[in-house]
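Contents: one structure, followed by commentary.
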Amino acid sequence: MDALVTSSTTTLQLKPLLQPHPHARSLSLSRNIRSTSCSSSILLHKTHQSSPVLPLRSVSANSQASPASAVASTSSSIPSEMKAWIYTEYGGVDVLKFDTNVVVPELKDDQVLIKVVAAGLNPVDFKRRLGKFKATDSPLPTVPGYDVAGVVVKVGTQVKGLKEGDEVYGDISEKALDGPKQFGSLAEYTAVEEKLLALKPKNLDFAQAASLPLAIETAHEGLERSGFSAGKSVLVLGGAGGVGSLVIQLAKHVFGASRVAATSSTGKLELLKSLGADLAIDYTKENFEDLPEKFDVVYDTVGQGEKAAKAVKEGGVAVFLTGAVVEPGFRFVVTSNGSVLTKLNPYLESGKVKPLVDSKGPFPFDKVVDAFSYLEMGRATGKVVVHPIP
């Protein structure tokens, strides 16, 4: 791709590809050109704020690349710039560009800097890139990615529970649709509030851990909001997906469900049973809404609307993640919370709850476009993960 900054020994030309976000009227570009080693920076910031700039900026074309091993990286060896995937406009996978001169994000007092080892992809990632919620998005350009697993290499002054060298995982944006982070997880480094993270389960590798945060937090929050508790029944629509596979497991092994039913295509029925489903329904052959059995909670991850509502027993409720919301149902947007991950870690470490990484992955860092293309087909089993991130 075109470099963000081009230079020669006699002239320095700034060619900023990082354009102000069309919906952020107060954004402006400022350029600071240093006289040494032809280095430059392009800063994107909000002019009405006095807080530190949150830029995507190209710093120096002569900086050293970050260490390949996350464990080897320490606060004394953090580079000034990094490799990352970015997009400067909304659109399809073709707007994704690989860049080697993106600034390492600045650290706030309550944040830690993570050397990213793996990143999980979610439907919200491509919906954001398509501009589905541009009115509440953070300014372009964007480094995409919500889910992260990696190693803490630097801590802010207010961080109390994490230290350099800790292996962590989490969803880096507290509100998925309301100002998600401009610096996402598809980069060598990302800065994250301590409260959004948890220590990585000891028995999971980084790719497995990166597959979990947003999906398992969504599964957990939806069950809690529905009033689900021990002895109740649940029907999971889309049981082989990233969220659905975790709803099955949490309902069964954490919440104490009396009965778990789930839908999938023919080839994934045995997977549903292995996850804890008492009843696996082949949606290509059966209409779940016509079954005589009804459920206290119907957790709809695929957008079945009226059909989902018909499967709810009297006094029950439906949880809708997508599509139309039909009574008696509701929709919510997950709030990232590291304490939820910490609460669920014992279930992960005991093997009662297992991550499900799609078998076509993990996708290497240079195949992020392929990873998104595959995710957007809607056929993944479990989660699509990018690993390793150098």
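Nothing fancy with the numbering, it's 1 onward along the sequence.
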For residues [X] and [Y]: do they belong to one hydrophobic cluster (side chain heavy atoms under 4.5 Å, members Ile, Leu, Val, Met, Phe, Trp, Tyr)?
X	Y	value
Y347	F228	yes
L341	V353	yes
L375	V357	no
V319	L177	yes
V103	L107	yes

Look at the side chain of [X] and the backbone N and O of [Y], then say whether any donor-acceptor pair between them is shorter than 3.5 Å.
X	Y	result
E194	G161	yes
E349	K202	yes
T342	G338	yes
E289	A309	no
S336	I172	no
D358	G382	no

Roughly how far apart are [X] [atom1] and [Y] [atom2], rounded to 0.5 Å?
X	Y	atom1	atom2	answer
L275	K268	CG	NZ	11.5 Å
S211	K354	OG	NZ	13.5 Å
K134	L140	NZ	CG	8.5 Å
L214	D147	CG	CG	5.5 Å
T284	I281	OG1	CD1	12.0 Å
L96	S373	CG	OG	8.5 Å

Nearest heavy-atom pair of [X] and [Y]: which atoms, and what distance?
X	Y	value
Y169	L199	CE2-O, 3.3 Å
P79	V104	O-CG2, 3.3 Å
V143	A187	CG1-CB, 3.9 Å
A209	A149	CB-CB, 4.0 Å
L121	A371	CD1-CB, 3.7 Å

> In terms of the angle between their ring planes, are Y374 and F363 parallel, tilted or perpendicular, with boundaries placed at 30° and 60°?
Replying inline: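 Ring orientation, 0 to 90° scale: tilted.
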> Y87 ring centre to R129 NZ or CZ under 6.0 Å, with the angle to the axis within 45°?
Replying inline: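 Relative to the ring axis of Y87, which defines the angle, R129 lies outside at least one limit.
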> Cation-pi between K200 and F206: NZ/CZ under 6.0 Å from ring centre and within 45° of the ring axis?
Replying inline: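 Yes, a cation-pi geometry holds between K200 and F206.
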> Under the side-chain hydrogen bond (donor to acceptor under 3.5 Å, both in side chains) criterion, do S265 and R379 qualify, and how do the steps go?
Replying inline: CA-CA 10 Å; S265 58; R379 293 291 180 263; over 6 Å; no
Using a 3.5 Å cut-off and no angle test, enumerate the donor-acceptor pairs between side-chain atoms of residues 233-246 and protein atoms at least two apart in sequence or in another chain.
| residue | atom | partner | partner atom | Å |
| --- | --- | --- | --- | --- |
| S233 | OG | D296 | N | 3.1 |
| S233 | OG | D296 | OD2 | 3.2 |
| S245 | OG | G241 | O | 2.8 |
| S245 | OG | G242 | O | 3.3 |

> Got a sec, which pairs hit side chain to side chain donor-acceptor pair (under 3.5 Å) with one end in residues 301-327, sequence neighbours left out?
Replying inline: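 Pairs touching residues 301-327 that pass the test: none.
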>> Once side chain to side chain donor-acceptor pair (under 3.5 Å) is applied, what residue pairs with a partner in residues 214-230 remain, sequence neighbours excluded?
In response: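 Found H220-K343, E221-R225.
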>> Filter on ring pair (Phe, Tyr, Trp, His ring centres under 6.0 Å), then keep only pairs touching residues 278-337, sequence neighbours left out; what's left?
In response: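 Applying ring pair (Phe, Tyr, Trp, His ring centres under 6.0 Å) to every pair that reaches into residues 278-337, excluding sequence neighbours, yields nothing.
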> Do V386 and W85 pass the side chain to side chain contact (heavy atoms under 4.5 Å, CB included) test, and can you show the C-alpha distance, the side-chain angles, and the key distance before you say yes or no?
Replying inline: CA-CA 12 Å; V386 176; W85 286 87; over 6 Å; no
> Does E174 have any side-chain contact (heavy atoms from CB on, under 4.5 Å) partners at least two apart in sequence or in another chain, and if so, which?
Replying inline: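 E174 satisfies side-chain contact (heavy atoms from CB on, under 4.5 Å) with K195, L196, T335 once adjacent residues are dropped.
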> How far apart are the C-alpha atoms of D178 and T136, what are their side-chain angles, what is the distance that settles it, and do they pass the side-chain hydrogen bond (donor to acceptor under 3.5 Å, both in side chains) test?
Replying inline: CA-CA 5 Å; D178 186 9; T136 58; 5.3 Å; no
> Given K181 and T190, is the side-chain hydrogen bond (donor to acceptor under 3.5 Å, both in side chains) satisfied, shown in steps?
Replying inline: CA-CA 10 Å; K181 281 189 172 59; T190 191; over 6 Å; no
> Could you walk me through whether L250 and L344 pass the side chain to side chain contact (heavy atoms under 4.5 Å, CB included) check?
Replying inline: CA-CA 9 Å; L250 295 187; L344 296 175; 4.2 Å; yes
>> N122 vs K383, test: side-chain hydrogen bond (donor to acceptor under 3.5 Å, both in side chains). Steps then yes/no.
In response: CA-CA 8 Å; N122 298 277; K383 289 296 294 297; 3.1 Å; yes
>> Closer than 4.0 angstrom, basic N to acidic O: yes or no for K163 and D166?
In response: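 The answer is yes: the pair qualifies as a salt bridge.
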>> What verdict does the side chain to side chain contact (heavy atoms under 4.5 Å, CB included) test give for V254 and K352, after you've listed the backbone C-alpha separation in whole Å, the side-chain angles of each residue and the deciding distance to 0.1 Å?
In response: CA-CA 9 Å; V254 178; K352 289 182 178 179; over 6 Å; no
>> Let's go through E167 and V151 carefully: what are the C-alpha distance in whole Å and the side-chain angles of both, what is the deciding distance for side chain to side chain contact (heavy atoms under 4.5 Å, CB included) to 0.1 Å, and is it a yes or a no?
In response: CA-CA 5 Å; E167 297 180 351; V151 179; 4.2 Å; yes
>> Run the ring pair (Phe, Tyr, Trp, His ring centres under 6.0 Å) test against H253 and tell me which residues pass, sequence neighbours left out.
In response: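 Residues passing ring pair (Phe, Tyr, Trp, His ring centres under 6.0 Å) with H253: none at all.
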